There are 2 protein chains.
Amino acid sequence: MGKYNAKNEASDKFSLRGKVFHKIRDDILSGKYKDNEELKEVAIGEELGVSRTPVREAFRQLELEGLINIIPNKGAYVTGITVKDVKDIYMIRSLLEGLCAKWATENITPEQLEEMEENVYLAEFHATKGHTQQIAELDNRFHEILYEACNSKMLEKQLRDFHDYVLRVRKKTLSENNRGTASNKEHKYILEAIKSGDPLKAEAEANKHVMSAFENMVKNGLYEAYSTE
Amino acid sequence: MGKYNAKNEASDKFSLRGKVFHKIRDDILSGKYKDNEELKEVAIGEELGVSRTPVREAFRQLELEGLINIIPNKGAYVTGITVKDVKDIYMIRSLLEGLCAKWATENITPEQLEEMEENVYLAEFHATKGHTQQIAELDNRFHEILYEACNSKMLEKQLRDFHDYVLRVRKKTLSENNRGTASNKEHKYILEAIKSGDPLKAEAEANKHVMSAFENMVKNGLYEAYSTE
DNA sequence: CCACGTATAATTGTATACAATTATACGTGG
DNA sequence: CCACGTATAATTGTATACAATTATACGTGG
């Protein structure tokens with residue numbers, strides 16, 4: 001599974017289509033394009049120094065992700081991500097991360113468990129030192145391990161997609177307001193529930209973790225700066 | 001929202017790319033291609049009488065849906081959908097349909113509520129008559145209404161994708177074993193919870209509905225015939 | 001006979017050409 | 001002046017050409 005994904009990422013990095021896809025995706029999520037703005041194949045192709053072919057292929061992917069809306073023979077229009085979208089994603093993620101933690105309790109391998117323990121331990125250190133970059137990376141990795149450990153291709157894919165979607169928001173939230181310390185404490189609770197073999201406890205802790213991340217975001221009003229609404 | 005989607009469907013129907021996408025997707029989901037089978041652009045293009053361009057664009061979409069795995073410069077390989085995948089999707093759907101019903105309770109419009117009542121009433125009639133085709137259509141539509149009524153673009157998209165994914169399995173299940181009658185009764189419970197303005201009741205009923213659909217499927221061993229495992 | 005390397009074929013990646021469709025400009029009649 | 005229709009430009013849709021990469025065939029030396 002990990003290898004499978006690594007390959008896909010390689011594909012994305014080394015082909016023009018993948019580069020174009022990620023570039024436009026980032027630009028939409030970061031708010032470079034306005035809502036309903038029209039994306040033109042030639043213009044974007046020229047900007048990135050490629051022909052229309054890779055741009056078109058990237059458009060098809062973006063359409064499927066729901067980031068743009070393609071009207072046949074007419075054009076591609078940015079759908080963007082609104083404040084409500086981010087909120088909804090956190091609600092959905094809360095449920096699904098819970099399910100993921102529950103399943104992970106029953107399917108995690110010793111290696112994954114060990115990496116998770118190491119992750120939490122190391123994050124504790126960086127949190128006290130205020131190393132925001134490392135904290136963000138460890139946080140991402142904690143969730144990645146959880147996704148892999150649940151042993152469900154379907155759930156893993158869903159959570160990964162959502163995770164990517166709100167990545168920018170999450171990173172910012174973590175770097176402010178001591179959220180990093182609190183977040184890592186919650187990771188520890190999840191880890192302990194998994195270690196003690198209590199799936200329902202793990203589910204509840206993961207639920208709470210996502211919800212508290214969301215509440216922290218709302219409290220700080222941080223997410224408004226990153227939406228197109 | 002409804003219109004937005006209608007447009008997308010039109011796009012899919014009238015462009016070659018859309019036709020190719022749906023054809024390959026159906027072929028994978030119905031088991032025409034084996035797991036790990038390689039899909040070649042030229043071969044599929046010739047089969048469908050189109051050039052490589054629409055085929056390639058369809059491939060990119062299928063990759064994003066997780067149905068094929070594209071290795072750069074090498075080829076596209078069918079990932080397929082396994083028994084476990086179907087099971088996992090039902091578990092995920094159970095949670096998300098619950099959330100959807102909860103939100104729908106708070107956001108449903110009078111028009112949607114009326115259509116839902118009509119839907120349940122009509123399905124009752126067709127269930128007693130054993131009209132499997134109509135039952136399947138009304139069942140689909142019931143869930144569509146629910147998805148629209150929750151007023152969340154994100155959740156709606158998720159549920160629609162999953163719904164499509166297991167459509168074939170669902171249709172078959174409904175036509176056997178009087179599941180249609182039982183299913184419609186559960187729809188009625190959801191509807192009544194929504195009408196009485198009880199979001200938690202609606203959530204619980206929707207949870208149960210998906211789980212009982214899944215249990216029915218397992219009991220009859222029906223889903224094994226529709227997977228690639 | 002087989003291991004290996006090289007030539008050849010097959011396949012994917014990207015750019016471009018042409019067709020079809022849609023948007024825009026512009027002129028004319030009233 | 002403006003409503004309308006037609007010509008023109010811009011844009012997307014699809015096919016095809018060429019380049020780059022990978023798979024296969026085949027021959028030769030030992």
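Side chains included, hydrogens not; waters and symmetry mates left out as well; all remaining heavy atoms used. Within every chain, numbering begins at 1; the chains are lettered A, B, ... in the order of the sequence lines, protein sequences first and strands thereafter. As the structure is a prediction and not an experimental result, all values here were calculated from the model.
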Whole-Å distance, Ile70(B) CD1 to dT12(C) C1', equals 10 Å

Residues which pass ring-ring contact (aromatic ring centres under 6.0 Å, His included) with Phe142(B), listed by chain and number, not counting sequence neighbours | His187(B)

Closest heavy-atom pair and its distance - Leu138(A), Leu122(A) | CD1-C, 4.0 Å

Ignoring the backbone of Ser15(B), work out which of dT14(D), dA15(D), dG13(C) is nearest its side chain.
-> dT14(D)

Distance in angstrom units between Leu48(A) CG and dA15(C) P, rounded | 11 Å

No-hydrogen, no-angle side-chain donor-acceptor test under 3.5 Å, His126(A) and Gln133(A) = no

Counting only side-chain N and O atoms of Arg60(B), is one of them less than 4.0 Å from OP1 or OP2 of dG13(C)?
-> yes

Find every protein N or O atom lying less than 3.5 Å from an N or O atom of nucleotides 17-22 of chain C, and list the pairs.
none

So, are Lys32(B) and Glu47(B) salt-bridged, with charged N and O less than 4.0 Å apart?
-> yes

Among dT12(C), dT14(C), dA15(D), which nucleotide sits nearest the side chain of Lys40(B)?
-> dT12(C)

Atom-to-atom span, CG of Leu16(B) to P of dT12(D) - whole angstrom = 17 Å

What is the distance from CZ of Arg17(A) to P of dT14(C), rounded to the nearest Å?
-> 8 Å

Between Ser152(A) and Asp88(B): side-chain donor-acceptor atoms closer than 3.5 Å = yes

Mapping Tyr77(A) and Ser51(A) onto DNA chain C by nearest heavy atom, which one lands closer to the 5' end?
-> Ser51(A)

Which dot-bracket string describes DNA chain D (Watson-Crick N1-N3 plus N6-O4 or O6-N4, or G-U N1-O2 and O6-N3, all under 3.5 Å; [ ] crossing; | other strand)?
-> ||||||||||||||||||||||||||||||

Set of side-chain hydrogen bond (donor to acceptor under 3.5 Å, both in side chains) partners for Glu106(B), sequence neighbours left out = none

Between CD of Glu41(B) and P of dT16(D) the distance, given in whole Å, is 15 Å

Taking CD from Glu63(A) and P from dT12(D), how many angstroms apart are they, rounded to a whole number?
-> 14 Å

Euclidean distance, atom CD of residue Glu38(A) to atom P of dA10(D) [Å, nearest integer] | 14 Å

Output yes when at least one side-chain N/O atom of Arg56(B) is less than 4.0 Å from OP1 or OP2 of dG13(C), else no.
-> yes

dT14(C) OP1/OP2 closer than 4.0 Å to side-chain N/O of Thr53(A) | no

Heavy-atom closest pair (Lys157(B) atom, Leu64(A) atom, distance to 0.1 Å) is NZ-O, 2.9 Å

In chain order, what residues pass the ring-ring contact (aromatic ring centres under 6.0 Å, His included) check against Tyr147(A), with sequence neighbours excluded?
-> His163(A)

How would you list, by chain and number, every residue that makes a salt bridge (Lys or Arg N to Asp or Glu O under 4.0 Å) with Glu38(A), sequence neighbours excluded?
-> none

